[in-house]
Protein chains: 2
Amino acid sequence: MTGPGLRERKKRDTRAALARATLDLAAEHGLAEVTVEQIAARAGVSYRTFFNYFSGKEEALLRPDDGDVTFAPRLLAQDPSLPPLEAARRALREQLAVLDEDQAGWRLRLTVIAAAPELLPRLMEIGSAGEREMTEALGEFTGLDPAREPYPALLAAVLGCAVRVTLAHWHAAGAARPLAALFDDAVDTLAAGLPAPAPQIP
Amino acid sequence: MTGPGLRERKKRDTRAALARATLDLAAEHGLAEVTVEQIAARAGVSYRTFFNYFSGKEEALLRPDDGDVTFAPRLLAQDPSLPPLEAARRALREQLAVLDEDQAGWRLRLTVIAAAPELLPRLMEIGSAGEREMTEALGEFTGLDPAREPYPALLAAVLGCAVRVTLAHWHAAGAARPLAALFDDAVDTLAAGLPAPAPQIP
DNA sequence: AGCTTTCGTGCACACCGTGCAATCTTTCAC
DNA sequence: GTGAAAGATTGCACGGTGTGCACGAAAGCT
């Protein structure tokens, strides 16, 4: 049992250092004001090396881990007799639990994203490991061909939205309620056909 | 009644020429392979002038007109007693009708986008003139504060998805059915709580 | 006509992202 | 242990992007 080996460990460390440096610098000055050179300097590697790990600042900020588990196996492990929406809800709840491991980091990350709105659509690709993959998995789960029937794509897109809005609300509300509960509420609203809630009268 | 004036007209012509050149070149070679210099040359202006009209290739491709009508007035013109989903559906149907004016152009545009998937999330900002604006308008329509209640943001995001998926399907299916009909189907599915359709048995 | 405003353009600059080749380090086979 | 293979880091050079600035030309106004 030699473990992951020195090489692997150093690679992971470098990647983590670069991601962390990107996050910290972006939190301080805003992502647009930070250069790759600064990031590399803070992480202790050369400018050129940065691009051995990430294709750009964006990726370094939004995809700090590369080996994140995909959505498809989680979905296909669900009970096939469940309605698709319910099965997907359970799979995504598992996936969101990963964020709980580094709550502080993700909250900071969401702060940076909120200040750089051009990144907002990209959140779609984080919580769900990509909408295309989700579409494929839902097609398999439901037995519908995504190329012919819009249902899998629609469901995947809508769920991606639900994740994104939930994250934004969780962040805006200061994480007052746990992420999983907020996500459940959102899916409940979807399952009910998006009825208008009663206006609050404060 | 002198009309728009020579100056205005030339500006609009230049903008249209740049947008058109971007679209044509991107359709021929793929957006990533096209340089701003080529675009400017084809439109008959200088490299520098391109940036007086667009902030980059992306915008030139996805936002050919700047003065597109916003979503908010369309929504607030709807009957306030309607459910929010239904009111938004009607407002968006009006907005999508604009695309019918240049069907061929938009179908070509969608082809380019399909070949450059990193642009796909940006479609959200076209059909709906921006998700934030939609959220605000829905907050006003429902009497909910978007900062406290997630419902307006969720509805706006989901509708943006519906537009995007509808456009993708319309394009993939070769515009066999009209855009408005496809959009109606999608909203019907949403209103019904995203139930699983029967699997096709071909 | 003259005056003001606005637009087009050239120039310079910092940054981005990539290909290539040289150098150094880990790993593995002998 | 030693040396070769595999792989990571780095410097260098290059084409492309996007912006600030200043100058000239054209359009609109009086």
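All values below were derived from every heavy atom in this structure, side-chain atoms included, with hydrogens, water molecules and symmetry-related copies excluded. By convention in this document, chain letters (A, B, ...) are assigned in the order of the sequence lines, proteins followed by strands, and residues within each chain are numbered from 1.
Looking at residues 18-31 of chain A, you'll see that no heavy atom sits under 4.0 Å from any atom of DNA chain D.
Put simply, the side chain of F71(B) reaches to within 4.5 Å of the side chain of L75(B), judged on heavy atoms. For the pair L144(A) and P197(B), the minimum side-chain heavy-atom distance is below 4.5 Å. Put simply, the side chain of K11(B) reaches to within 4.5 Å of the side chain of Y53(B), judged on heavy atoms.
Between R89(B) and E86(B) there is a salt bridge, since a side-chain N of the basic residue sits under 4.0 Å from a carboxylate O of the acidic one. Taking 4.0 Å as the cut-off between side-chain N and carboxylate O, D13(A) and R9(A) do not count as a salt-bridged pair.
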Protein-to-nucleotide contact annotation, 5' to 3' order, nucleotides 13-21 of chain D [B base; S sugar-phosphate only; - none; under 4.0 Å, heavy atom]:
----BBBBB

Protein within reach of the bases, or only the backbone? For nucleotides 4-9 of chain D, mark each nucleotide 5' to 3' as B, S or -, using heavy atoms under 4.0 Å.
--BBSB

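For the pair E8(A) CD and dT25(C) P, the interatomic distance rounds to 19 Å; values are reported in whole Å. Rounded to whole angstrom, the span from the CG atom of D13(B) across to the P atom of dC7(C) amounts to 15 Å. Taking atom CD on E59(A) and atom P on dC16(C), their separation rounds to 15 Å, with Å as the unit. We find that CZ of R9(B) is positioned 11 Å from P of dA27(D), with the value rounded to whole Å.
By the side chain to side chain donor-acceptor pair (under 3.5 Å) test, E59(A) pairs with S55(A), sequence neighbours left out. Qualifying salt bridge (charged side-chain N to carboxylate O under 4.0 Å, His left out) partners for E140(B), counting only residues two or more places apart in sequence or in other chains: none.
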Show, in sequence, the C-alpha distance, side-chain angles and deciding distance for R90(B) and R93(B), and conclude whether the side chain to side chain contact (heavy atoms under 4.5 Å, CB included) test is met.
CA-CA 5 Å; R90(B) 298 186 185 185; R93(B) 215 161 25 192; 3.8 Å; yes

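Judged as a ring pair (Phe, Tyr, Trp, His ring centres under 6.0 Å), the pairs with a partner in residues 33-52 of chain A (not counting sequence neighbours) are, in order, Y47(A)-F51(A), F50(A)-F54(A).
Shown here for R164(B) and E131(A), the closest heavy-atom pair between the two residues is NH1-OE2, 3.2 Å.
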